[in-house]
A.B. asks: 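Sharing a structure, written as structure tokens. Questions coming.
All values reported here derive from a predicted model rather than from experimental measurement.
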Amino acid sequence: MKEALEVLDHVRLNFSPSGLFALNVTIAFIMFGVALDIKMEHFKDVIMKPKSAIIGMISQFFLLPFITFLLVLVLNPTPTVALGMILIASCPGGNISNFMSAMAKGNIALSVSLTAVATLGATFMTPLNFALWGKLFLKYYNKAGAGSFLVPIEIDFFQMVQTVVILLGIPVILGLFFSQYFPKLTKKIKKPIRQASIIIFIGFVIILLSANFSNFIKYIHIIFLIVLVHNGLALGAGFSVSSLARLPRVDRRTVTLETGIQNSGLALVLMFNPKIFPPELELGGMTFIAAWWGVWHIVSGLTLSALWAKKPLYQPAVR
């Protein structure tokens with residue numbers, strides 16, 4: 001497997017800054033639709049009962065990177081693939097998880113809160129987790145030169161704040177404003193906006209993939225199983241830790257999705273930043289993992305959300 005994965009390092013994917021910006025705009029639109037279902041008392045419940053939020057943060061920033069480290073030790077892939085997996089696990093939850101949480105009848109306010117806090121926390125936790133688990137992996141990896149791929153990551157705090165404001169703050173505030181002051185209009189536009197959000201997002205992903213279609217077709221078989229197992233473990237970890245903590249079922253669904261839906265867009269932005277990873281490094285393995293994760297977690301997340309949407313949260317009492 002390792003010989004096959006080494007081929008990926010020589011492949012360069014096409015992800016333009018304008019494409020990533022368009023993705024952020026799409027996510028902001030999705031967040032507006034999600035926020036139409038949020039009430040202010042939802043956030044009050046999160047603050048007054050912080051247990052679920054704490055478990056969610058532990059699952060994202062401690063449990064997932066640890067499980068990923070164990071997985072790369074078992075698989076022992078190339079350094080770039082392993083570090084790509086570790087970087088994905090070190091990123092905060094993806095914004096699309098908020099939409100999925102709403103679709104799965106989870107705790108939407110908890111989902112939005114976790115995404116916001118995790119995105120800000122990523123300023124410190126993403127570089128820390130990547131450096132910690134990356135160094136531990138390379139310690140057990142004997143290939144010469146592997147350490148050159150492990151570089152310090154610096155994430156601008158104010159850039160993170162700006163991201164939260166644009167992708168979460170503004171759409172959520174607008175959604176709350178509409179639902180509070182225009183309840184009749186909100187009732188009419190909620191469903192169309194939610195349906196349009198899915199179509200637009202999936203359409204955007206298809207367009208993004210089309211620019212790299214030949215490369216994906218040629219090499220996808222190499223990483224498909226790796227991402228499938230990694231994402232499955234992430235979702236399983238979120239569900240397991242929230243179940244062990246005996247969180248309400250509505251919160252278990254949210255914590256599961258927040259853990260399994262990672263911000264692969266942030267990972268790609270970091271990978272394509274020449275100030276972080278010099279262009280002369282061949283990082284095809286890292287970018288392939290992040291790009292395919294971004295596709296696959298949509299499939300797995302929407303599938304799980306659709307299944308949960310049909311399953312009642314509480315079983316009727318037997319008489």
A.B. asks: For the pair Asp251 and Ser242, evaluate side chain to side chain contact (heavy atoms under 4.5 Å, CB included) and give the outcome as yes or no after the intermediate values.
C.D. replies: CA-CA 8 Å; Asp251 291 358; Ser242 57; over 6 Å; no

A.B. asks: Verify side chain to side chain contact (heavy atoms under 4.5 Å, CB included) between Ile193 and Phe29, making sure each step is shown before the conclusion.
C.D. replies: CA-CA 9 Å; Ile193 285 181; Phe29 176 72; 4.1 Å; yes

A.B. asks: Can you check side chain to side chain contact (heavy atoms under 4.5 Å, CB included) on Leu247 and Val255, steps first, answer last?
C.D. replies: CA-CA 9 Å; Leu247 299 185; Val255 172; 4.0 Å; yes

A.B. asks: Just one of Ile55, Asn129, Leu114 clears the side chain to side chain contact (heavy atoms under 4.5 Å, CB included) bar with Gln60, so which one?
C.D. replies: Leu114

A.B. asks: Any donor-acceptor pair under 3.5 Å linking the side chain of Lys51 with the backbone of Ala245?
C.D. replies: yes

A.B. asks: Answer yes or no: does atom CZ of Phe69 have more than 12 heavy-atom neighbours from other residues, nucleotides or ligands under 6.0 Å?
C.D. replies: yes

A.B. asks: Under the ring-ring contact (aromatic ring centres under 6.0 Å, His included) rule, collect the residues that match up with Trp296, sequence neighbours excluded.
C.D. replies: Phe224

A.B. asks: Looking only at heavy atoms, which two atoms of Trp293 and Gly260 are closest? And how far apart?
C.D. replies: CZ2-O, 3.5 Å

A.B. asks: For the residue pair Thr68 and Met85, what are the closest heavy atoms and their distance?
C.D. replies: CG2-O, 3.6 Å

A.B. asks: Go through Phe66 and Phe62 one step at a time and tell me if the ring-ring contact (aromatic ring centres under 6.0 Å, His included) criterion holds.
C.D. replies: CA-CA 6 Å; Phe66 174 65; Phe62 295 95; over 10 Å; no

A.B. asks: Compute whether any side-chain donor of one residue and acceptor of the other, for Thr254 and Asn107, lie under 3.5 angstrom apart.
C.D. replies: no

A.B. asks: If you look at every heavy atom in Ile67 and Ala237, which pair is closest and at what distance?
C.D. replies: CD1-CB, 3.5 Å

A.B. asks: For Ala104, does its backbone N or O pair with a side-chain atom of Ser305 as donor and acceptor, under 3.5 Å?
C.D. replies: no

A.B. asks: Show the nearest heavy-atom pair for residues Pro92 and Ala122, with the distance to one decimal.
C.D. replies: CD-CB, 3.6 Å

A.B. asks: Are the side chain of Thr126 and the backbone of Ser90 linked by a donor-acceptor contact shorter than 3.5 Å?
C.D. replies: yes

A.B. asks: Where do Phe130 and Leu83 land on the side chain to side chain contact (heavy atoms under 4.5 Å, CB included) test, with the steps shown first?
C.D. replies: CA-CA 8 Å; Phe130 181 70; Leu83 293 176; 4.1 Å; yes

A.B. asks: Please answer whether the main-chain N or O of Ser97 pairs with a side-chain N or O of Ser101 as donor and acceptor at a distance below 3.5 Å.
C.D. replies: no

A.B. asks: Can you give me the closest heavy-atom contact between Gly93 and Gln262, atom names plus distance?
C.D. replies: CA-OE1, 4.0 Å

A.B. asks: Is it true that Ser59 and Glu258 share a donor-acceptor pair across their side chains at a distance under 3.5 Å?
C.D. replies: no

